[in-house]
Structures are given as C-alpha cells and as structure tokens.
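Structure, as structure tokens:
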Amino acid sequence: MLNLVLFRNELLRTSYFMRGSTVRMFSSRSFQLSSERQETLFEKSHKSSQETVEASENPTIKPINVKAIETPSHVNLINGKHVKDSNLAHHIKQAFMKLVGQTFTPVQEATIDEFLTAERGLVVRAKTGTGKTLAFGLPLLHKLKHRKHPNVPHVETVIFAPTRDLAIQTSDAIHNLMRNCSLPINNKNIEKIVGGQDMRQQIKKCTQFQKPPIVAATPGRFLDLITNSKNFQSAFTRVENVIIDEADELLSMSFKEDLERIMDKLKELNTSDVDPKFKVLLFSATIDKNVLSLAENIMGKDYKFIDTNVGSESEVNQSVEQTLVVSDSIFHSYAALVDYVYQHKDEPKFKPMIFLPNTYSVDFVFNLLNKIIPKPPMNARDKRDYVCRLHGKLTQGRRNMAQLTFKIRKRAILVCSNVASRGLDFPDVTHVLQIGVNHDVSNYTHRVGRTGRAGKIGKSILFTTDFEQPFVEKLKENGNKFHEVIESKPNEDIERKIRNTVKNEDFDQIATSNLGIYNQLPEKFGKISKKDYVKHCALLYRDMKYGPGGAFEDVEESAQEKPFLSSRAASGLGINTDYSRRYYDIPGSATSRGSSGYRNKSGAGNRGGYRNNDRGGYRKNDRGGFGGENKGGFSRDRGNYKSSGKNSRTWEERGGSSNKNSNNFRNDRYSKY
Ligand SMILES: Nc1ncnc2c1ncn2[C@@H]1O[C@H](COP(=O)(O)OP(=O)(O)OP(=O)(O)O)[C@@H](O)[C@H]1O
C-alpha cells in the first residue's frame, strides 16, 4: 500500500472554485480591447508571475501598443467555433474535420484570421495542449492553397522549435494535413533542418528547383547553414512567415544569440527599403518579457498580442489536477514515486510521463522501474517496451523509437529528461510525475502540460523533499494550486526493493549527480540552502547504500560511509568546506579514500582526486548534474556537419560558441545533444 498520509487539504476548495471560474471565464466573446482595458488585463494576467511580464518593471514593453485580444475559451475543445464557419479554404476545412476535429480550439479561433490579415506579426499565448501548432499550421496551408503557381521558388515559411523532436513533430502534424488538402503546388514536403541529419542533403532539398514551401528547423543547424552556405541562403530570400514556437525558450539565454543572428540574417536576405518583408509569429504557453521585447525589436510596436490566458491565475492548464508530495529525504522522494507507479500499474489506462532532471537520473529511474515494476498482462513485445526512456544522449533513432512506442501504446511509462518537456504531444498521457526542483517555473508548466491535452483531463504529481519547499513556494506565487498536499511515509517494502535493485550502482555518482542539479539552480531559488542540499545529497548516498538511519555527523567517520567527491569537483561546486567534509569523502582530509589526490583508481581502493574518469564534478563526460550527460535538454542543435573544406569539422571543432556549453554542470537547457 502506498503510505501517503493526507496532512493538508486546504486547497481543495480553492481548486473547485477555480474550476467554476474557468467555466465562467470561457464564455466571453472575442473582442479587441481598448488600451485601458488592455492594460488592466495585461497586468492582471501577469501579476502573479515573476517570470511573466510586469509592465511597470520595464517601460519599453508597456502594453500600450500591444493589442491584447481576449478570446473565447472552452473547457471542452469541441465547443469552439465550427470549422465549417471559418474562412479557410474548403479542402483545408475538410482535411481538418477528417483528421483533427469539427471545432476549433480558442487559440485557433483567435489566431487563424489574425494570422492571415496581420501586417507585422503576432505574439500568442495559450495553454499547453490547446492546439497552437495548427493555429499557425492552418493559415500556412490556406496561403499555399491560394498560390497561383505550382512552383514555390523560395521557401515561404520557416518554423523554429527548440528541439529536433519538436521540429519533427510539428512538421509531421502540418504535413499530415497538407497531404489531404489538394494544394496546387508541386513540392508538398516540409523540409526538416535539424541536427543528426546530412547537411548536404538538407541544402540540396532547399535549393532544388521545386523548393519546399515550409521548413521546420532547430536554430543551431539552421544558423550553421544560413551562415555558411550561399546556396542555402538563396532559398530564403522571399520568406513570408517566421514562426517561433516555444518562443520563451528560444529567446532564453541558451538560444537567444543564435536566434538573433538568424533573424538578422533573414532580415538581411529579405529587406525591402525599410522593413523585413516577413511576418513573425511567436507562440508559447509561457510568455515572459524577453518574448515581448524581442517581438518589439523585430516587429516594432505594432504587433498584436493574442492572449487566451486572460483571467487565468496560472499558466498551467487547468484541466490538470496538481498534487504535491512532501518527503523527508531525496531517497524517500524516489521511493514515493516508485511506490506510486507500483500502486497504479494495474489501471488499464495508466500512462505516465516521469520527468527527471538529467540523463543520469533518467537512466537510473528507467532501470529501477524496469526491474521493480511487474509488467501488466500484455504481449511479450509490449512488455519489453513497457518502460521507455527518452533523453538527449540517446541516438536520434532510439529517441524516435521511444516516442513512437509511447505514442501508440495504450499503457506504457515514459521516463524522460527535459527533451520531452516542451511541445511533445503524446496521446492519453494520464499522469505527469516529477521529482524535485526544476530550473524554472515555466519548465514546470510545460512538463505538467504533457497531460490534460486536447480537452482531456490529467494529473500532475510533484515529489519533493522538505528542503525543496522554496521552489514549491515559487510555483504557488505563480498561481499554481495544489489540489492535495501529501506527506509521504516510508514504505519499507519498496525501499528494500530499491536498495536491492541498485546495489551495483555507483553510489558516488548518484550523490554527485544530485549535487550538480541543486548547484545549478538559479539564484531565485536561493532559499534552498546549500547546506541542506549538500547534506541531503550525501544522505541519498547513505540511504541507497545502507538504508535510512546511518550517521554522517562526524568528520572522523569512516570515509567508506560517505560519497567520494574530488576536491576539484568540490571546489567547482563551491562546497570544498569543512561542513561538506562531514558528509563527503573529499581528498585532503585524514580519513579520505582519495587523500593522496592524484593516484588513479587502481591504487588500493583509492578513488583519487584529479583523474580523467574522476567521479567528481566538472568533466567533459561528466555524469553529474545538469549538463554534460544531460544532453537531453534544449540545445544548440548543430552536430554532424559533414560538408567538406572549412566546414568539414563539427561546429564545436570550428570553435563555435560552445564555450558556454562546456560546463558540465550547466542547466540542461543549455546543453548540446
Ligand atoms: N480543434 C481541435 N480539436 C480537437 N483536437 C485538436 C484540435 N486542435 C488540435 N488538436 C489536438 O490537440 C493536441 C495538442 O495540440 P498541440 O500540440 O498543437 O498543442 P500546443 O498548444 O501546441 O501544446 P504545447 O504548448 O504543449 O506545445 C494535438 O493532438 C492536436 O491534434
């Protein structure tokens, strides 16, 4: 039995109230707001979020020139405007009704006409799983449908996404409709300009006589090609639309520079006398001030802001019920998660996504579940793939296979890193389970949004530890309401199973991997005390190895009882202190297993200090926290540059700005994959 004891239910009422208010909110008709009203709604919809725009904070992005549009919204997607009543071309409506649905979602209803008539561009905010992809996909097809000539002499639209997987998914979703729309063009392909594929082929396909009308790209690969290939450039001189999906992510530190360079290049290639000729459309479920200021940089002050979140306290989709589980240790958090899966595995529709912060922990939990969770009755092949995993260190082939498997299965478990947190659309995901803290609140929102999509309901459970509560407070400040808060009580049976399963794991690695996660948390979560996480990561080592209850309080205690941490790693993490030595075996102390520092692993059990395969922190192939091994995140997707001459080396070899990615403990959004 899952020993979870309800200790606080204070938010239950609020949750029901919110549902009521959601229904009311969804009844208004679409209209354009006066600027006074715009300001009120703008401020209202942002005031609860420190991540989102606070107009008063930044005078350059006051909403005064931003036309907010309050959209009609619907709890149930099928209540929207009927597709037949739209102005889209007949064949497109037919294809949409055949393949997707009979009615539009609010964001589609609000965006389609605006897209077709907008002079400059749009910023669109709508909750996860509400159909943003086709909100821009449908008008793109409509424009192609009205082409007079069957040849597309230049690529008309470029769509950017932060991951290959999302670029591929977007391209497939639009292409699927495209094939059924009887478009009067010769080339009906959407070219994918993403990493892991042959660049020469990509250039060839974009520069052939029949050019692809739409290109779906990740910024890294696209930037490489548009910077280095004149041929490639020649296909992009008459771009009409640039779509930036997951705009806040693409404008975050990890992508901003690339994206700005791309936009400059596209402007240069497409500039008339004054302005670029193309429209720019930015989409996301989470919009922050970067998005609006970049929108302003690109489009001036005349862009429109379509916000389907007006009146909503949180950016999290309200069809997802959120639960918080609080444990007293990281080990108990893991145990509570495994216990939860164990208890629910027999439900016929149980299909959870489990998010972990780095590839090491994805592999760890993947192995754990594979060994501990008995497979439900199903055929042998389905049993073999019952637990799937997805992270950026897997080859693209394995990533595709994991996604396909999880997509088509009615019952399966997907253990994944942040590579799956944005945009990916798996049908019928019942639960999103997460362990621990996240590097930002918007990432939490996107992870939660993998369930409760397309009008369905879903559950989100966040497994946390006492000392991680400052992160939870941040979530609450941003309007997240937890339907239940549950105190986890240890389940000894599950804990024993976990310990038996992991006995051959590298416990040092478990501790340092977790240290890396906390060490990379942004300042705003600074209330999570360093002392707490230093101690708790070491306790995780102890709990995994010996079970809860051992002591760590004494410096003199045997080094074997403590996780090993090289002094270099400890310094890199800023924890080479006496306090840390109480919990870690850091070379330099009398009792250290690695006290002589420079010996290698073969030396009499010594795990020595500075080594290539050092288990500590900063290394190229680091197994630690957010970073090197955590390439599942949103990366600059540039690998596999195969062309000859000056381009024959990989992007990193050519000295690209990978420096910022070389820190292996970085947040996984910044990593290459
Ligand atoms: N009008 C509609 N009626 C029914 N289902 C729809 C409709 N439009 C889109 N869908 C379905 O809703 C699901 C989610 O759509 P989509 O992936 O575009 O959401 P999103 O808003 O982009 O989500 P995210 O913010 O997570 O990227 C898809 O499976 C899509 O086929």
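Whatever order the structure lists them in is the order used to number ligands and atoms, beginning at 1.
For K132, heavy-atom contacts with ligand 1 shorter than 4.0 Å involve the backbone as well as the side chain. At a heavy-atom cutoff of 4.0 Å, ligand 1 is contacted by the backbone of T103 but not by its side chain. By the criterion of a heavy-atom distance under 4.0 Å, neither the backbone nor the side chain of F283 is placed next to ligand 1. Contact annotation: for R450 versus ligand 1, heavy atoms closer than 4.0 Å belong to the side chain alone. Heavy atoms of T105 found under 4.0 angstrom from ligand 1 belong to the backbone as well as the side chain.
Counted by atom type alone, Q169 and D165 present zero donor-acceptor pairs between their side chains at under 3.5 Å. Side-chain contact, N418 with R447: a donor N or O sits under 3.5 Å from an acceptor N or O.
Counting the atoms of ligand 1 from 1 in the order shown, those under 4.0 Å from a heavy atom of K127 are 21 (O). Counting the atoms of ligand 1 from 1 in the order shown, those under 4.0 Å from a heavy atom of T130 are 19 (O), 20 (P), 21 (O). Shown in contact with V100 at under 4.0 Å from a heavy atom are these atoms of ligand 1, numbered in order with element: 2 (C), 4 (C), 5 (N), 6 (C), 7 (C), 8 (N), 9 (C), 10 (N). Those atoms of ligand 1 that come under 4.0 Å of a heavy atom in E246, given as number and element, are 27 (O). Atoms of ligand 1 found under 4.0 Å from any heavy atom of T133, numbered from 1 in the order shown, are 16 (P), 17 (O), 18 (O), 22 (O).
Using a 4.0 Å cut-off between charged nitrogen and carboxylate oxygen, E249 and R422 count as a salt-bridge pair.
Atom OG1 in T323 sits 5.5 Å away from atom CD1 in I461 (nearest 0.5 Å).
Proximity of a side-chain donor or acceptor of K279 to a complementary backbone N or O of A118 within less than 3.5 Å is detected.
Considering backbone and side-chain N/O atoms, D425 comes within less than 3.5 Å of an N/O atom of ligand 1. For a threshold of 3.5 Å applied to N or O pairs, the pair formed by G129 and ligand 1 contains at least one separation below that value. When only interatomic distances are considered, the shortest N/O to N/O separation between G131 and ligand 1 falls below 3.5 Å.
For the side-chain hydrogen bond (donor to acceptor under 3.5 Å, both in side chains) with Y444, the qualifying choice from Q434, H439, E315, Q322 is Q322, the only one to do so.
Taking the six-membered ring where the residue is Trp, the centroids of F115 and H142 are separated by 6.0 Å or more.
Under a 4.0 Å heavy-atom criterion, R422 is not in contact with ligand 1.
A pairwise comparison of heavy atoms in L134 and A173 identifies CD2-O, 4.4 Å as the closest pair.
Residues that satisfy the side-chain contact (heavy atoms from CB on, under 4.5 Å) test with H90, not counting sequence neighbours, are Q94.
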